[in-house]
**Student:** 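Here it is, the structure, as structure tokens.
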Amino acid sequence: MAGKQVRDGAVQERDFFQDVMDVVRQVPRGRVTSYGAIANYLGAKRSSRIVGYCMNNAHAVRPKVPAHRVVNRIGLLTGKHHFATPTRMQELLQKEGVKVKDDRVVDFPKRFWDPMKELRV
DNA sequence: TCCATGACGAGAT
DNA sequence: GATCTCGCCATGG
């Protein structure tokens with residue numbers, strides 16, 4: 001579990017970056033999640049920016065992280081510009097059955113995969 | 001050591 | 001209802 005809630009300055013076994021990557025890798029195919037959801041799951045719902053920032057290095061992580069399944073809270077492909085090509089993210093999603101229109105996930109609430117709701121319990 | 005930036009989110013105007 | 005500003009924390013210069 002990536003739910004390593006670091007607090008009280010406890011020893012950070014896993015970097016925030018690793019935690020984010022781990023959660024993203026757990027996103028099922030054909031589903032999408034949001035930065036806020038990941039941050040929330042990690043216990044830092046207000047640190048959604050950090051999640052996105054860490055994704056900058058996601059392309060250099062192995063195994064590859066399905067960053068294309070991570071969008072902002074409104075289902076907008078905000079990070080598509082960070083892919084090899086701006087259309088790469090959209091194509092990958094559509095390939096997995098996620099319809100994308102105008103750089104935005106169709107039926108986002110329906111495709112939304114909340115780690116806190118799915119991995120929780 | 002301090003300042004600036006960032007693949008976001010939510011509240012306020 | 002749409003637009004703007006602030007906050008949040010981590011990483012880099």
Side-chain angles (χ1 to χ4, degrees):
Chain A
M1 271 74 120
K4 280 284 194 285
Q5 300 194 354
V6 181
R7 56 193 210 177
D8 291 343
V11 181
Q12 304 166 321
E13 293 183 358
R14 296 175 68 84
D15 294 299
F16 196 90
F17 175 78
Q18 290 295 342
D19 273 344
V20 175
M21 295 300 102
D22 194 30
V23 177
V24 176
R25 266 180 284 175
Q26 292 177 70
V27 180
R29 178 173 165 284
R31 300 281 188 197
V32 293
T33 188
S34 66
Y35 305 95
I38 297 170
N40 191 1
Y41 179 72
L42 296 178
K45 60 180 181 182
R46 305 260 162 116
S47 309
S48 48
R49 311 180 82 158
I50 315 303
V51 176
Y53 186 76
C54 289
M55 299 295 281
N56 269 297
N57 201 38
H59 67 94
V61 180
R62 259 84 68 189
K64 273 192 172 178
V65 181
H68 59 277
R69 294 177 191 156
V70 185
V71 297
N72 68 351
R73 72 178 182 88
I74 63 175
L76 192 69
L77 280 57
T78 51
K80 68 172 193 169
H81 288 285
H82 291 260
F83 281 75
T85 58
T87 56
R88 186 72 178 188
M89 189 175 186
Q90 183 175 326
E91 286 188 24
L92 286 170
L93 287 172
Q94 291 183 85
K95 199 172 179 181
E96 295 184 351
V98 180
K99 291 178 181 176
V100 180
K101 179 149 190 167
D102 194 44
D103 301 335
R104 154 189 69 125
V105 178
V106 180
D107 293 329
F108 176 62
K110 209 171 184 177
R111 298 285 184 177
F112 183 66
W113 182 85
D114 189 345
M116 204 165 208
K117 203 170 183 181
E118 302 292 332
L119 301 178
R120 158 199 181 194
V121 186

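Just so it is clear, the model here is predicted, and its values are computed rather than measured. Naming convention: chains lettered A, B, ... in sequence-line order (proteins, then strands); numbering from 1 in each chain.
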**Student:** Which residues pass the salt bridge (charged side-chain N to carboxylate O under 4.0 Å, His left out) test with A/Glu91, sequence neighbours left out?
**Tutor:** none
**Student:** Check whether any side-chain N or O of A/Gln90 sits under 3.5 Å from a backbone N or O of A/Pro86 as a donor-acceptor pair, and report yes or no.
**Tutor:**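 Such a contact is absent between A/Gln90 side chain and A/Pro86 backbone.
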**Student:** To the nearest angstrom, how far is A/Asp19 atom CG from C/dT11 atom P?
**Tutor:**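 Computing the A/Asp19:CG to C/dT11:P distance gives 11 Å.
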**Student:** Just grab all the salt bridge (charged side-chain N to carboxylate O under 4.0 Å, His left out) pairs involving residues 34-49 of chain A, residues at least two apart or on different chains.
**Tutor:**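 Sorted pair list comes back empty.
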**Student:** Whole Å only: how far is the CE atom of A/Met55 from the C1' atom of C/dT11?
**Tutor:**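 It works out to 16 Å between those atoms.
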**Student:** Only pairs at least two apart or in different chains count here, so list each ring pair (Phe, Tyr, Trp, His ring centres under 6.0 Å) that has a residue in residues 63-115 of chain A.
**Tutor:** A/Phe108-A/Phe112
**Student:** Mark yes or no for a side-chain to base donor-acceptor pair under 3.5 Å between A/Ser48 and B/dC8, with no hydrogen or angle criteria applied.
**Tutor:**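 Such a pair exists between side chain and base.
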**Student:** Who else is in the cluster with A/Leu76 when I, L, V, M, F, W and Y are joined by side-chain contacts under 4.5 Å?
**Tutor:**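 Its cluster mates, by chain and number, are A/Ile74.
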**Student:** Enumerate the protein-to-nucleotides 1-6 of chain B contacts in which both atoms are nitrogen or oxygen and the separation is below 3.5 Å.
**Tutor:**
none

**Student:** In whole Å, what is the span from the CZ atom of A/Phe17 to the P atom of C/dA10?
**Tutor:** 15 Å
**Student:** Are A/Val71 and A/Val98 linked, directly or through other ILVMFWY residues, by side chains that come within less than 4.5 angstrom of each other?
**Tutor:**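 Same cluster: A/Val71 reaches A/Val98 through Ile, Leu, Val, Met, Phe, Trp or Tyr contacts under 4.5 Å.
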**Student:** May I ask you to decide whether A/Glu118 forms a salt bridge with A/Arg31, counting only side-chain N to carboxylate O separations under 4.0 Å?
**Tutor:** no
**Student:** Quickly work out the A/Met116 CE to B/dG9 P distance and round it to whole Å.
**Tutor:**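 Interatomic distance, CE of A/Met116 to P of B/dG9: 15 Å.
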**Student:** Figure out the NZ/C1' separation between A/Lys80 and B/dA7, and round it to whole Å.
**Tutor:**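 Those two atoms, NZ and C1', are 13 Å apart.
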**Student:** Which residue pairs pass the salt bridge (charged side-chain N to carboxylate O under 4.0 Å, His left out) test when at least one of the two sits in residues 71-83 of chain A, sequence neighbours left out?
**Tutor:** A/Lys80-A/Asp103
**Student:** Using a cut-off of strictly less than 4.0 Å between a heavy atom of the residue and any atom of DNA chain B, enumerate the qualifying residues of residues 65-78 of chain A by number.
**Tutor:** A/Ala67, A/Asn72, A/Arg73, A/Thr78
**Student:** What salt bridge (charged side-chain N to carboxylate O under 4.0 Å, His left out) pairs are there with at least one residue in residues 105-115 of chain A, not counting sequence neighbours?
**Tutor:** none
**Student:** Rounded to the nearest Å, what distance is computed from the OH atom of residue A/Tyr35 to the P atom of nucleotide C/dA10?
**Tutor:**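 Distance, rounded to whole Å: 19 Å.
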**Student:** How many whole angstroms separate atom CG of A/Asp114 from atom P of B/dG9?
**Tutor:** 12 Å
